[in-house]
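First comes the structure, then the notes that go with it.
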Amino acid sequence: MVRRGGFVADSVSTAGEFVTGAHGITIRVDRVLGEDWRAFGRYDMIVLPGGWDGVANMLADERVIGLVRHYDGTGKFVAAMCATPNVLARAGVLAGRTMTAYPGEKTEPFYREARHVADVVVRDGKMITSRAPGTALPFAFALVDALGGDSTPIKKSFLYDEMKAWPDGVKEVSGQ
């Protein structure tokens, strides 16, 4: 459990205490999702991370689908980035809503019932979606703000507004 800026956040796994991501980075999670997913319904928000393998695992896990439905049905925040809006589609919570996600054949067919846009981050009521891995910072800031925090000081310390001036992160200097 991590306490930062007044929020409590737990990382949760569906498969075990240690999770290795697609890039070979292993983390130790705070909690492991057991058979009774309802024990995880007390938070203010559920955030689904991106990544193709993780998306496939979440799509196949009825506990995750149940949690998404619970959070949406009880008026809590549901957030998903990159390709994990596919999980929101499977849970049946996208119909009639505006959302964004990673583009392409592996995602877009899932969003026929929603208004799929190409924006960086979209908040539709208590659903927050983000387009791709490169949108992690604005997605995180949107989550902080949605929960009643103020992301402005964090943005300032990250020089976030200045970074947006050079989207590719490189300034070419001639003659050198």
Side-chain angles (χ1 to χ4, degrees), residues 1-2 4 7-73 76-95 97-124 126-144 146-147 169:
M1 183 182 309
V2 179
R4 301 263 193 271
F7 298 113
V8 174
D10 286 332
S11 57
V12 179
S13 165
T14 60
E17 183 178 4
F18 293 93
V19 176
T20 302
H23 300 286
I25 299 170
T26 300
I27 65 165
R28 181 179 184 184
V29 300
D30 299 307
R31 298 181 69 192
V32 177
L33 185 61
E35 290 305 314
D36 183 12
W37 58 263
R38 287 170 184 84
F40 290 81
R42 66 177 173 80
Y43 299 95
D44 297 318
M45 176 184 286
I46 185 171
V47 181
L48 306 177
W52 294 115
D53 291 343
V55 170
N57 291 334
M58 287 184 273
L59 283 169
D61 195 317
E62 291 301 323
R63 299 170 301 171
V64 174
I65 301 304
L67 274 169
V68 169
R69 288 177 180 150
H70 168 77
Y71 274 77
D72 185 67
K76 294 184 177 190
F77 285 101
V78 175
M81 74 175 302
C82 201
T84 52
N86 287 16
V87 178
L88 304 184
R90 176 145 181 323
V93 302
L94 288 181
R97 292 169 121 170
T98 301
M99 48 77 64
T100 191
Y102 197 82
E105 294 175 4
K106 291 172 80 171
T107 57
E108 291 178 25
F110 284 87
Y111 312 138
R112 288 192 177 101
E113 295 183 1
R115 181 173 175 260
H116 180 218
V117 297
D119 296 340
V120 172
V121 177
V122 173
R123 179 172 173 185
D124 184 336
K126 294 227 174 166
M127 186 179 74
I128 303 168
T129 52
S130 180
R131 187 162 167 83
T135 65
L137 281 177
F139 181 61
F141 298 146
L143 303 182
V144 167
L147 289 171

(request) Please identify each residue that fulfils side-chain hydrogen bond (donor to acceptor under 3.5 Å, both in side chains) with Thr107, with sequence neighbours left out. (result) none
(message) Holding to side-chain hydrogen bond (donor to acceptor under 3.5 Å, both in side chains), I want the full list of residues that pass it with Ser130, two or more places apart in sequence or in another chain.
(response) Thr135
(message) One pair to check against side-chain contact (heavy atoms from CB on, under 4.5 Å): Val47 and Phe139. What are the steps and the verdict?
(response) CA-CA 10 Å; Val47 181; Phe139 181 61; 4.0 Å; yes
Would the distance check show the side chain of [X] and the main-chain N or O of [Y] forming a donor-acceptor pair, the cut-off being under 3.5 Å?
X: Thr84; Y: Val87; value: no
X: Arg31; Y: Val12; value: no
X: Lys76; Y: Tyr43; value: yes
X: Asp10; Y: Asp30; value: no
X: Thr20; Y: Thr26; value: no

Atom of [X], atom of [Y] and distance for their closest heavy-atom approach:
X: Ala114; Y: Leu94; result: CB-O, 3.5 Å
X: Ala79; Y: Met45; result: CB-SD, 4.5 Å
X: Pro85; Y: Met81; result: CD-O, 3.8 Å
X: Thr98; Y: Asp124; result: N-OD2, 2.7 Å
X: Pro49; Y: Met58; result: O-CE, 3.5 Å
X: Ile128; Y: Phe77; result: CD1-CD2, 4.2 Å

(message) Tyr111: which residues meet the ring-ring contact (aromatic ring centres under 6.0 Å, His included) condition with it, sequence neighbours left out?
(response) His116
(message) For residues 52-67, which residue pairs pass the salt bridge (Lys or Arg N to Asp or Glu O under 4.0 Å) check, not counting sequence neighbours?
(response) Asp61-Arg63, Glu62-Arg90
(request) Hey, could you give me each pair passing salt bridge (Lys or Arg N to Asp or Glu O under 4.0 Å) that has a residue in residues 98-112? Not counting sequence neighbours. (result) none
(request) Kindly indicate, with the supporting measurements, whether the criterion side-chain contact (heavy atoms from CB on, under 4.5 Å) is fulfilled by Leu88 and Thr129. (result) CA-CA 10 Å; Leu88 304 184; Thr129 52; 4.0 Å; yes
(message) Within the structure provided, determine whether His70 and Arg38 are in side-chain contact (heavy-atom separation under 4.5 Å).
(response) no
(request) Check whether any side-chain heavy atom of Asp44 lies under 4.5 Å from a side-chain heavy atom of Phe7, and answer yes or no. (result) no
(message) More than 12 heavy atoms of other residues, nucleotides or ligands under 6.0 Å from OH of Tyr102: yes or no?
(response) no
(request) Report the C-alpha distance between Arg131 and Thr100 in whole Å, list the side-chain angles of each, state the deciding distance to 0.1 Å, and finish with yes or no for side-chain contact (heavy atoms from CB on, under 4.5 Å). (result) CA-CA 5 Å; Arg131 187 162 167 83; Thr100 191; 3.7 Å; yes
(request) Determine, step by step, whether Val93 and Tyr71 satisfy the side-chain contact (heavy atoms from CB on, under 4.5 Å) criterion, reporting the C-alpha distance in whole Å, the side-chain angles of both residues, the deciding distance to 0.1 Å, and the verdict. (result) CA-CA 10 Å; Val93 302; Tyr71 274 77; over 6 Å; no
(message) Please enumerate all residues that pass salt bridge (Lys or Arg N to Asp or Glu O under 4.0 Å) together with Glu17, with sequence neighbours excluded.
(response) Arg28
